[in-house]
Amino acid sequence: MIKKRKKNLSTEVYALGQHICMSAHKARRGIDQIRRRSYEESLMILERMPYRACYPIFKLVYSSAANASHNMSLNEANLVISKAEVNEGTAVKRLKPRARGRSYLIKRPTCHITVVLKDISLYKEFEEYMVYSKKSGLITKKKNKNLTCHDTYSSGGLWDKK
């Protein structure tokens, strides 16, 4: 799936995994480690972590990067995980036979995992062209200005007033 937003020049590409057989709490342990990291760094982290939830998360990150490179022609080196979330899914219910003909209900929780990748090369190009001016509060074009450093300590202007 592809999302385009024209307001902030961002291109978001995401992958969604539904009905993954594990609790959302266990999947969040892996997701919290890779949020706001680069694509390549998150793959290395997921390979080394000992949790069972890391394998489906790894597949989703890899799938969303494949969506970005195939559908949007984006470079994988410029991708960053901008949003990663885990939601609870439906619980799969099973009956386990017990003594005296009774049955015991077993609930196996599922979760839905969403991984959103964003291309940061657009931001780098944008920041090279524009700079935020604190005085005016507006975005202006970058100009080559030679900034002078005023030494307030040696001039005595700061400490002389009582």
Side-chain angles (χ1 to χ4, degrees), residues 1-94 107-152:
M1 294 295 192
I2 300 167
K3 247 189 223 180
K4 286 186 183 179
R5 292 185 186 167
K6 302 225 176 192
K7 290 180 184 177
N8 56 4
L9 295 172
S10 68
T11 303
E12 294 180 345
V13 182
Y14 70 95
L16 176 65
Q18 292 184 328
H19 305 292
I20 297 172
C21 291
M22 70 182 60
S23 69
H25 179 73
K26 291 178 183 177
R28 282 189 189 108
R29 289 189 301 183
I31 286 288
D32 290 339
Q33 299 296 323
I34 64 165
R35 198 172 282 131
R36 292 180 298 276
R37 293 188 188 260
S38 68
Y39 163 70
E40 295 166 349
E41 185 180 0
S42 62
L43 288 183
M44 287 190 292
I45 289 171
L46 289 171
E47 282 179 350
R48 298 292 180 193
M49 285 200 325
Y51 304 133
R52 187 182 74 127
C54 291
Y55 182 68
I57 296 169
F58 179 86
K59 284 172 49 172
L60 282 171
V61 171
Y62 192 79
S63 174
S64 59
N67 288 342
S69 64
H70 183 265
N71 297 338
M72 301 294 294
S73 301
L74 299 176
N75 189 5
E76 292 177 350
N78 297 329
L79 296 176
V80 172
I81 297 177
S82 64
K83 183 177 166 186
E85 63 181 16
V86 179
N87 298 322
E88 291 183 5
T90 57
V92 178
K93 296 174 184 174
R94 299 280 185 252
K107 291 182 181 179
R108 298 191 64 194
T110 62
C111 64
H112 307 309
I113 302 174
T114 307
V115 176
V116 180
L117 294 179
K118 189 180 283 189
D119 187 24
I120 60 168
S121 65
L122 297 174
Y123 289 110
K124 289 179 183 176
E125 293 171 3
F126 184 72
E127 286 174 357
E128 289 173 0
Y129 182 69
M130 306 296 268
V131 66
Y132 182 77
S133 174
K134 290 183 181 178
K135 292 180 182 177
S136 63
L138 300 172
I139 296 175
T140 58
K141 290 183 181 178
K142 253 189 188 178
K143 295 178 182 174
N144 292 332
K145 293 181 180 177
N146 294 332
L147 299 176
T148 58
C149 180
H150 298 287
D151 193 6
T152 57

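For the single chain, residues carry numbers from 1 onward in sequence order. As a basis for the values below, the full set of heavy atoms in this structure was taken, side chains included, without hydrogen atoms, waters or symmetry mates.
Note that the CD atom of Glu40 and the CG atom of Asn78 stand 9.0 Å from one another [nearest 0.5 Å]. Note that the CG atom of Leu79 and the OG atom of Ser69 stand 8.0 Å from one another [nearest 0.5 Å]. Put simply, CD on Glu88 and NE2 on His25 are 11.0 Å apart, with the number rounded to the nearest 0.5 Å. Separation of atoms CD1 (Ile34) and CD1 (Ile45) is listed at 8.0 Å; rounding is to 0.5 Å. In this structure, the separation between CG on Asn87 and CD on Gln18 is 10.0 Å, given to the nearest 0.5 Å. Separating the CD1 atom in Ile120 from the CG atom in Leu74 is a distance of 11.5 Å, to the nearest 0.5 Å.
The backbone N or O of Arg108 lies less than 3.5 Å from no partner atom in the side chain of Arg94, so there is not a single donor-acceptor pair. Formation of a donor-acceptor pair under 3.5 Å by the Thr110 side chain with backbone atoms of Thr90 is found in this model. In this structure, the side chain of Arg48 does not engage the main chain of Met44 through any donor-acceptor pair within 3.5 Å. At least one donor-acceptor pair under 3.5 Å links the side chain of His112 to the backbone N or O of His19.
Contact of the Ile113 side chain with the Ile20 side chain is registered, since non-hydrogen atoms from C-beta on lie closer than 4.5 Å. Looking at Leu117 and Val80, their side chains never come closer than 4.5 Å, going by heavy atoms from C-beta outward. The shortest side-chain heavy-atom distance between Thr114 and Glu85 falls under the 4.5 Å cut-off.
Between Arg29 and Asp32 there is no salt bridge, since none of the side-chain N atoms of the basic residue sits less than 4.0 Å from a carboxylate O of the acidic one.
Contacts of Glu76 classified as salt bridge (charged side-chain N to carboxylate O under 4.0 Å, His left out), with partners at least two apart in sequence or in another chain: none.
Closest heavy-atom contact between Val116 and Tyr14: CG2-CB, 3.7 Å.
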Which pairs would a plain distance check flag for residues 50-63, meaning a side-chain donor or acceptor within less than 3.5 Å of a matching protein atom at least two apart in sequence or in another chain?
from, atom 1, to, atom 2, distance (Å)
Arg52, NH2, Cys21, O, 3.0

